[in-house]
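Everything below concerns the one structure shown next.
What you see below is based on every heavy atom in this structure, not just the backbone, and it leaves out hydrogens, waters and symmetry mates.
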Amino acid sequence: MKLLANSQILIERKDGTKNMFKVNSLEILEYIALSEINALKFLHRYIEKVLRDSDLYNSFNLFFSGQKSAIGNKDKLQNLYTKLKQDFCHFTKRYTPINGDTECGRIFTKVVNPLAYYRNAHGSEKGRISSDIITYDVLMYNRNNFRDIYANKPKGVTRKVYAKEHSVELNEKYYDYQSAKAKRFLRIFNEQYRNGITEHLEKEHLKDAAIHIHHIFPKALYPEICAYLENLIALTPTQHYNYAHPNGRTQEINVEYQKLLLLSKADRIKENIEESYADKVERIYEFPKFLHVLSIGFDDDEVENIGNMDFVAVMNAINVHYASIV
């Protein structure tokens, strides 16, 4: 609430000992509330603005730029991290009421990791520099980090087999909530930027409204990717209930149609990324996330080794996977 007040999205006033808040910018608040991606984008811009205003931005830039020459050198990476954290804590203790190292460290992680995510860089993990680059799931609260869960999975052992031998406790309500938010976001985006047409371009359905958002890989079987926009696709009711789910049986998946939907989704992702580069539309997809979706859905770790933006290789991987089962 304080952050939103400091950014003037809310107006704060005192009423005795109580802090009272009033909405000052409903449009921005609704944008933030629409999806966690939007909230992260806002947080990223807010953090950068505060760091610039505080003359701390250069320290963070040196940390991220220095990582390029320190790849594979853990000591050098840690030294970069230690220097940045010291600068941050020194500033915080000098200009704020905070004077404890523990609180400074807690705030530091929340500041550096969103920046690291957008720079595809290392951030903070348990008081040290993170062992890997910061990914989206690392930023999420109240979630199972499936990359951690499968970190010890031996090569050659499928995720399904590993999961049976190592039970994972899921917060179903959390995944339901995240899935619903992602569906709502994609439907609004599709209406605003694609005139509400289906993402799977079948001639006979181009005039029908794509009001259904479908999980290409079902949420019940693949909860770890249920909120990935790269695993969701806007379809017409007929496409959803007659084709994707045979005869409207939502517990069943038409495997042949699933393949076609993945190929179409790859096209939509490519279009969105290319159009975002030209500033024509907001970018909502990430190529590595699509690879992760395919990796989970196919139970094939090798898919994530496809080169960045190599959509030809993606199409080939989809065709090869289904050639063995369709």
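Under the rule for a side-chain hydrogen bond (donor to acceptor under 3.5 Å, both in side chains), Lys22 has no partner lying at least two apart in sequence or in another chain. In this view, Asp53 and Lys49 satisfy the side-chain hydrogen bond (donor to acceptor under 3.5 Å, both in side chains) rule, not counting sequence neighbours. For Tyr277, the ring-ring contact (aromatic ring centres under 6.0 Å, His included) test picks out no residue, with sequence neighbours left out. Residues that satisfy the side-chain hydrogen bond (donor to acceptor under 3.5 Å, both in side chains) test with Ser276, not counting sequence neighbours, are absent from this structure. Applying the ring-ring contact (aromatic ring centres under 6.0 Å, His included) test to Tyr57 and every residue at least two apart in sequence or in another chain returns nothing.
The shortest distance between side-chain heavy atoms of Thr198 and Asp208 does not fall below 4.5 Å. Here the side chains of Phe63 and Val112 are in contact, with some heavy-atom distance below 4.5 Å. In this structure, the side chains of Ser124 and Ile129 stay at 4.5 Å or more apart for every pair of heavy atoms. At least one side-chain heavy atom of Ile216 sits less than 4.5 Å from a side-chain heavy atom of Asn231.
The side-chain contact (heavy atoms from CB on, under 4.5 Å) with Glu199 is formed by just one residue from the set Leu261, Leu186, Ile213; it is Leu186.
A donor-acceptor contact shorter than 3.5 Å is absent between the side chain of Asn113 and the backbone of Ile134. At least one donor-acceptor pair closer than 3.5 Å links the side chain of Asn272 to the backbone N or O of Glu282. A donor-acceptor pair under 3.5 Å is formed between the side chain of Arg119 and the backbone N or O of Leu115. Side-chain atoms of Asn247 never come within 3.5 Å of backbone atoms of Asn242 as a donor-acceptor pair (strictly under, hydrogens ignored). Looking at Gln67, its side chain does come within 3.5 Å of a backbone N or O of His122 through a donor-acceptor pair. Of the possible polar contacts, none joining the Thr96 side chain to the Lys93 backbone as a donor-acceptor pair under 3.5 Å is found. Asp310 contributes a side-chain N or O that, together with a main-chain N or O of Ala313, makes up a donor-acceptor pair within less than 3.5 Å. Not a single donor-acceptor pair under 3.5 Å links the side chain of Arg249 to the backbone N or O of Glu252.
Taking the six-membered ring where the residue is Trp, the centroids of Tyr322 and Phe298 are separated by under 6.0 Å.
Ion pairing between Glu12 and Lys2 holds under the 4.0 Å rule for side-chain N and carboxylate O. Under the 4.0 Å criterion applied to side-chain N and carboxylate O atoms, Lys259 and Glu256 are not assigned as salt-bridge partners. Under a 4.0 Å N-O distance rule, the pair Glu48/Arg45 does not qualify as a salt bridge. In this structure, Glu230 does not pair ionically with Lys265, as no charged nitrogen and carboxylate oxygen lie closer than 4.0 Å.
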| request: Would you check, one step at a time, whether the test side chain to side chain contact (heavy atoms under 4.5 Å, CB included) holds for Phe311 with Asp267? | output: CA-CA 8 Å; Phe311 282 94; Asp267 283 338; over 6 Å; no
| task | May I have the step-by-step check of side chain to side chain contact (heavy atoms under 4.5 Å, CB included) for Ser59 and Phe91, ending in yes or no? | result | CA-CA 11 Å; Ser59 294; Phe91 175 90; over 6 Å; no
| said: One pair to check against ring-ring contact (aromatic ring centres under 6.0 Å, His included): Tyr228 and Phe217. What are the steps and the verdict? | reply: CA-CA 10 Å; Tyr228 278 55; Phe217 295 110; over 10 Å; no
| field | Pair Glu302-Asn305, side-chain hydrogen bond (donor to acceptor under 3.5 Å, both in side chains): steps then yes or no | value | CA-CA 5 Å; Glu302 294 302 316; Asn305 293 329; 2.9 Å; yes
| field | Residues His215, Ser179; criterion side-chain hydrogen bond (donor to acceptor under 3.5 Å, both in side chains); working and verdict | value | CA-CA 9 Å; His215 282 104; Ser179 175; 3.1 Å; yes
| field | Derivation of the side chain to side chain contact (heavy atoms under 4.5 Å, CB included) call for Arg128 and Gln78 | value | CA-CA 7 Å; Arg128 296 180 59 82; Gln78 183 59 39; 3.5 Å; yes
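Gln8 and Ser25 share no donor-acceptor pair across their side chains, judged by distance under 3.5 Å alone.
Annotation: Asn99, atom CG; neighbour count of heavy atoms from other residues, nucleotides and ligands within 6.0 Å does not exceed 12. Within a 6.0 Å sphere centred on NZ of Lys270, other residues, nucleotides and ligands contribute 12 heavy atoms or fewer.
For residues 236-270, the pairs satisfying ring-ring contact (aromatic ring centres under 6.0 Å, His included) are His200-Tyr257, His205-Tyr243, His212-His240, His212-Tyr241, His214-His240, His214-His245, His240-His245, Tyr243-Tyr257, with sequence neighbours left out.
With values rounded to the nearest 0.5 angstrom, Ile233 atom CD1 is found 13.0 Å from Lys183 atom NZ.
In the hydrophobic clustering of ILVMFWY residues, with side-chain heavy atoms under 4.5 Å counting as a link, Val303 and Val255 come out together.
In this pair, Phe189 and Tyr193 present their aromatic rings tilted. The plane angle is within the 30 to 60° band.
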